[in-house]
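This report concerns only the one structure given below.
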Amino acid sequence: CVAVVHFFGYLLCMPGYLTHTAVGIAVGGGAAAAASALEMAEPDVETLAPLAAISVLAAVFPDVDTPSKARTLVYALLLASALALMLAEEFLWASVVGVAGMLPGLGMHRGWTHSWLSMLLIPAGICALPLLVHEVEPEVLVMPYSFAVLGYGSHLVLDKVV
């Protein structure tokens, strides 16, 4: 029992990729359950799992601007996602993943990626690409955008609170 308390105390005192990932999973899972319960999303794995994954990726995204386990995790997931999308001949979405992966290289650690404005604008910018290029209906992107903002916000809250 004491070991568990110390472990969670460590996670909360030093929010690293494990903490951000765990909270991203909790936020994404909770939001997926709420979206399903409120009938805002289909209650199936094909719908909810990608949304929860978006939340987790967004929760660790702000720390990919520095050499870290978060960067390794995010880039491995981005690479796998881009390859899967290319194999499915979803080249537009693969390019969106690629552009998203380049963004952190444009700043320093705890710079622009750690701002409330970025929490809103980065997902909006990523969602704007399919709107502009592929004429995707805006309502299709409301859920992915919402899950990204929730995950990203969880990171900022942990970093500000601790």
Side-chain angles (χ1 to χ4, degrees), residues 16-18 20-36 38-156 159:
Y17 86 99
L18 284 176
H20 291 304
T21 301
V23 173
I25 290 168
V27 167
S36 177
L38 296 171
E39 298 180 0
M40 297 170 66
E42 293 295 320
D44 56 29
V45 173
E46 293 83 17
T47 302
L48 297 177
L51 291 172
I54 288 169
S55 179
V56 174
L57 280 171
V60 296
F61 181 82
D63 283 345
V64 298
D65 58 0
T66 185
S68 63
K69 291 180 183 178
R71 182 193 312 200
T72 302
L73 172 68
V74 169
Y75 281 110
L77 291 171
L78 287 173
L79 176 62
S81 298
L83 291 173
L85 289 164
M86 286 188 271
L87 288 172
E89 297 185 11
E90 294 286 345
F91 300 110
L92 173 70
W93 290 105
S95 66
V96 169
V97 169
V99 168
M102 289 184 235
L103 292 174
L106 301 175
M108 58 185 203
H109 184 56
R110 295 239 174 179
W112 67 271
T113 62
H114 280 76
S115 75
W116 298 105
L117 185 59
S118 290
M119 174 190 76
L120 300 172
L121 293 181
I122 291 172
I126 293 168
C127 288
L129 290 174
L131 287 173
L132 298 172
V133 176
H134 202 53
E135 299 177 14
V136 172
E137 295 298 321
E139 57 271 4
V140 171
L141 299 170
V142 169
M143 294 296 280
Y145 175 80
S146 300
F147 276 71
V149 169
L150 286 170
Y152 206 120
S154 75
H155 183 106
L156 297 180
D159 279 4

Problem - Test item: Ser36 side-chain N/O and Ala33 main-chain N/O as donor-acceptor pair under 3.5 Å - result: no
Problem - Over all atoms of both residues, closest heavy-atom pair of Ala94 and Met86 - result: CB-CG, 3.7 Å
Handout entry: Considering all heavy atoms, the nearest Gly24-Ala59 contact
Key = CA-CB, 3.6 Å
Completion exercise
Looking only at heavy atoms, the pair that brings Val60 and His155 closest together is CA-ND1, 4.3 Å
Exercise for the section: Compare all side-chain heavy atoms of His114 with those of Leu156 and state whether any distance is below 4.5 angstrom. Expected result: yes
Handout entry: Non-hydrogen atoms of Leu48 and Ala32 that approach each other most closely
Key = CD2-O, 3.7 Å
Problem - Side chain Tyr152, main chain Trp116, donor-acceptor under 3.5 Å - result: no
Handout entry: Exercise: identify the closest heavy-atom pair between Gly28 and Phe147
Key = O-CE2, 3.5 Å
Completion exercise
Between Val149 and the options Ile122, Leu120, Ile54, the side-chain contact (heavy atoms from CB on, under 4.5 Å) test singles out Leu120
Exercise for the section: Please confirm whether the backbone N or O of Leu77 pairs with a side-chain atom of Ser81, one donor and one acceptor, at under 3.5 Å? Expected result: yes
Practice task
Would you give the length of the straight line joining atom CD1 of Ile25 to atom NE2 of His20, rounded to the nearest 0.5 angstrom?
Solution key: 13.5 Å
Exercise for the section: Identify the two heavy atoms, one from Gly151 and one from Val27, that lie closest to each other, and give their separation to 0.1 Å. Expected result: N-CG1, 4.3 Å
Practice task
Measure the OG1-CG distance between Thr21 and Leu57 for me, rounded to the nearest 0.5 Å.
Solution key: 9.0 Å
Handout entry: Rounded distance [0.5 Å steps], CD1 in Ile126 versus CG in Leu141
Key = 11.0 Å
Handout entry: Test log, rule side chain to side chain contact (heavy atoms under 4.5 Å, CB included), inputs Val142 and Met40
Key = CA-CA 10 Å; Val142 169; Met40 297 170 66; over 6 Å; no
Handout entry: Within 6.0 Å of CD in Glu139, more than 12 heavy atoms from elsewhere
Key = yes
